[in-house]
Structure formats: structure tokens, C-alpha cells
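What follows is a single structure, written as C-alpha cells, with notes after it.
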There are 2 protein chains.
Amino acid sequence: MRKTKQISNVSQMLSMYLKELMRLPKDKRVSTTEFAKKFNVHPSTVTEHFQRLSRLNLLNYVKYRGAHLTQEGIHQGELLMWKHRILEVFFMEFLGLSKEDACSEATKIDFFISSNVIKLLCKKMNHPRVCPCGFEIASTYCEEKS
Amino acid sequence: MRKTKQISNVSQMLSMYLKELMRLPKDKRVSTTEFAKKFNVHPSTVTEHFQRLSRLNLLNYVKYRGAHLTQEGIHQGELLMWKHRILEVFFMEFLGLSKEDACSEATKIDFFISSNVIKLLCKKMNHPRVCPCGFEIASTYCEEKS
DNA sequence: AGAAAATTTGGGGAAACCCAAAATTTTATA
DNA sequence: TATAAAATTTTGGGTTTCCCCAAATTTTCT
């Protein structure tokens, strides 16, 4: 009954957490201070966000022990990263941005842009399999019929 | 000393007000109830936002008498509309979206996307002079050297 | 075991939204 | 031109999201 391809109730900030989480090894648990440094924020703030992600069933968070993404969290994180990376490819290949600029520009809008636009962009870019940073682009959301 | 091409302290919501204001005749003063209907919000909410825009010197707002954009407001509104329309053109011509979809997709990201990306997009689209809806695209921000 | 380090809790604060009811001003009409 | 009706603003609340700090708790290290 539930749609799978939607980010439910995730704020922009939470989406940033989700994306960062996706870049980390999925087996290891992440600590709050580790994250606090990345986001230039106090540890207690991270705790708060982890708890929120946990309430949304996106993060498996155990007090004092760190956290890792749930299946659902990975799923939503993959959607975000797919958007992010397709945008990166587009910004580099079509607009000629540098790798760094492509990433920062993608970061500004990946949360807001629709799946449909990304899907069309993906097609136009010939369904890239890797992003400019060398990371693989998960094909879960790409509907290539090759 | 002041940079001219930046949206200063305008929230996404205020940017929506700015864009809507840009679509209205600039000589006439707009009433709060008029706006309230457009945004499906109570009149008092509009008053609040008008006051805020006024504090930012973007809106000339006189109690009980309505409001109209200041020079600065028009300037910032033009930047937003430029982004919006270039995106519309891109979405229609490059991705093949309908006029309506192009508009709604542009609305989702125009506030967040950088001027630089839009500038490159503008060039790729050959510096369009009108958007899909037939509106003229102000060239203030377009650096075409034709 | 006990001290040090990491983490969470609880209490607050600011900003951006929104609404409802009361007060005020404008307008329209009798 | 009064006065009633309509429009607008004020006031007072309420919510959410984000952030910090200090104190309490738990884990880790020696």
C-alpha cells in the first residue's frame, strides 16, 4: 500500500544526514561525535537527529552504541544519492563544471528535485554507471531497459 | 560595495512571494487578501510576510493600502524569475516536459539553484528570449555577448 | 575499580511558518 | 455624512526544525 519511492517526512537536514550515512561503510556503526565534527555541530544535536531518523525507521540507532541505516534508510538514501550523482554527471558533462563544483551544486538541489526530472536527465546522460568521483551509481532507480 | 546578484536573507517562502509579485502589474498595489487567496493562507499571514519583505527593503508596503516591489525587490525578483524561466526552457526543450510540468519542476528548485548553473544553462539553450509561457526573459542577468 | 571520554537528557532559544479573534481602518451606502 | 459592511492589521498562540549548553549517564581505558 505504501509508495516506496518517496522521501517521507524527511527534512532537508535529515536528508543530508542520510546522504552522509550512505557514504560511510554500512556495516560499521557511526558515532555521534564523528558526525558532529562532519556537520560542525554539537554532539547532542546529532543525537537529536539520529533519534528522529530512528523514529522514521530509517536508522537503527542504539543509545551510546552508534547507528546504521535500516533497509528503508538505505533505500531512501539510495534515491537521494542517485539524484545527487546523476546531477553531478550532468553538471560535469553537460555544463562543464569541475568535480568539486558539480558536487556542491548537486548538493544544493538534490533533495528538492523530482525523480522524474532525474530519470530524464539520466536517460540523456546515457545511464551513467559511475559518477565523476568514481563512485558507482546504483541502478535501482534507473529504469534503463538495455 | 554591496554585491547586487544575491538574494539576501530571503526564505523560500518569501521568494515565492517575490515571484508572485513579479507576475503582477508593478504599478498597482496588491492587497493582502488578494495574496491570501493565491497562497491559500489567511490574510494575517500575508501581512506578516509583507512586513518582513518590507523590513528587507524589497517591498514598499503601506498599512491598509497594499504593497508594491521596490527597485531592490524587482531586482531580486528578476533574478529569481530569470532562474525560473531558464529552467522552464531547459525542462521543455532538453527534457521534453510539458509547459505545466516545466513550471512546477522549476518552482521546486529555482530558489536553490546557483546563478552560475543557470548562466551555463542559459548559454546552452542559446540565451532564450521568451519562456514557454510566452513571457519575456529579462536579460539583466544573462551575459550574452552577442 | 576508578578516572577519563563519549553520549544523552533536559532546558532553552531563535527563526519561519501558520491561525483565530479582536481592534482598527477603509469603503460603500443609505 | 453618518454608519454599517468589508478589508486589514494586531495580538496572542501554536507548531516545527534547528541549534546550544550544562548536568547526568554510560562506556572505555588504564
Side-chain angles (χ1 to χ4, degrees), chain A residues 6-21 24-25 28-69 73 76-77 80 107-112, chain B residues 6-21 24-25 28-69 73 76-77 80 107-112:
Chain A
Q6 65 186 0
I7 304 275
S8 51
N9 298 315
V10 175
S11 69
Q12 193 187 359
M13 185 58 67
L14 287 189
S15 87
M16 283 164 55
Y17 276 64
L18 233 35
K19 282 184 283 179
E20 190 55 43
L21 256 353
L24 270 44
K28 220 196 74 185
R29 290 182 165 276
V30 237
S31 84
T32 48
T33 8
E34 200 180 321
F35 241 77
K37 277 173 208 146
K38 271 189 225 298
F39 283 87
N40 235 293
V41 115
H42 283 229
S44 55
T45 305
V46 177
T47 302
E48 216 180 299
H49 289 312
F50 274 14
Q51 288 171 338
R52 195 141 31 164
L53 284 169
S54 183
R55 244 179 281 132
L56 295 169
N57 294 312
L58 300 176
L59 195 65
N60 186 313
Y61 166 61
V62 182
K63 260 166 79 158
Y64 297 105
R65 314 252 66 168
H68 60 69
L69 290 169
Q76 301 220 355
L80 280 166
T107 300
K108 289 178 194 160
I109 60 171
D110 55 11
F111 174 69
F112 300 99
Chain B
Q6 63 185 2
I7 303 274
S8 52
N9 299 316
V10 175
S11 68
Q12 193 188 359
M13 185 58 68
L14 287 189
S15 87
M16 282 164 56
Y17 276 63
L18 233 35
K19 283 184 284 179
E20 190 55 42
L21 255 354
L24 269 44
K28 220 196 76 187
R29 291 181 166 276
V30 236
S31 84
T32 49
T33 9
E34 200 179 321
F35 241 76
K37 276 173 208 147
K38 269 189 225 301
F39 283 86
N40 236 294
V41 116
H42 282 229
S44 55
T45 305
V46 177
T47 302
E48 215 180 300
H49 288 154
F50 273 14
Q51 288 170 338
R52 198 148 25 180
L53 284 170
S54 184
R55 244 178 281 132
L56 294 169
N57 294 312
L58 301 175
L59 196 65
N60 186 314
Y61 167 60
V62 182
K63 261 164 78 156
Y64 298 106
R65 314 251 67 167
H68 60 70
L69 291 169
Q76 301 221 357
L80 280 166
T107 301
K108 289 176 193 160
I109 61 171
D110 54 12
F111 174 68
F112 300 98

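The chains referred to below are lettered A, B, ... by the order of the sequence lines, with proteins before strands, and numbering in each begins at 1. Side chains are part of it too, since the values below use all heavy atoms of this structure and drop only hydrogens, waters and symmetry mates.
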Practice task
Counting heavy atoms from C-beta on, name the nucleotide in C:dC19, C:dA16, D:dT17 closest to the side chain of B:V41.
Solution key: C:dC19
Practice task
Write down the distance between CZ (B:R29) and P (C:dT27), rounded to a whole number of angstrom.
Solution key: 12 Å
Practice task
Establish, with yes or no, whether the OP1 or OP2 oxygen of D:dT27 is under 4.0 angstrom from a side-chain nitrogen or oxygen of A:K63.
Solution key: no
Completion exercise
Ranking C:dC18, D:dT17, D:dT10 by distance to the side chain of A:R52, first place goes to D:dT17
Practice task
Tell me what B:T32 touches on the nucleic acid: a base, only sugar-phosphate, or nothing, going by heavy atoms under 4.0 Å.
Solution key: sugar-phosphate
Exercise for the section: Return no unless some side-chain N or O of B:R65 is found under 4.0 Å from OP1 or OP2 of C:dT27. Expected result: yes
Practice task
Determine whether B:K38 and B:L24 make a side-chain contact, defined as any pair of heavy atoms from C-beta on separated by less than 4.5 Å.
Solution key: yes
Completion exercise
Taking D:dT17, C:dT8, C:dC18 as options, the one with an atom nearest any side-chain atom of B:E48 is C:dC18
Problem - Side chain proximity check, A:Q51 to A:R55, heavy atoms < 4.5 angstrom - result: yes
Exercise for the section: Classify the nucleic acid contact of B:V46 as base, sugar-phosphate or nothing, counting any heavy atom under 4.0 Å across all strands shown. Expected result: nothing
Exercise for the section: Just call it for B:F50: base, sugar-phosphate, or nothing, with non-hydrogen atoms closer than 4.0 Å on any strand. Expected result: nothing
Exercise for the section: Determine whether A:Y17 and A:R52 make a side-chain contact, defined as any pair of heavy atoms from C-beta on separated by less than 4.5 Å. Expected result: no
Exercise for the section: Would you mind classifying the nucleic acid contact of A:Y61 as base, sugar-phosphate or nothing, using non-hydrogen atoms under 4.0 angstrom? Expected result: sugar-phosphate
Exercise for the section: Measure distances between side-chain N and O atoms of A:S44 and base N and O atoms of D:dC19, and say whether any donor-acceptor pair falls under 3.5 Å. Expected result: no
Exercise for the section: Would you kindly give the CD-to-C1' distance between B:Q51 and C:dC18, to the nearest whole Å? Expected result: 15 Å
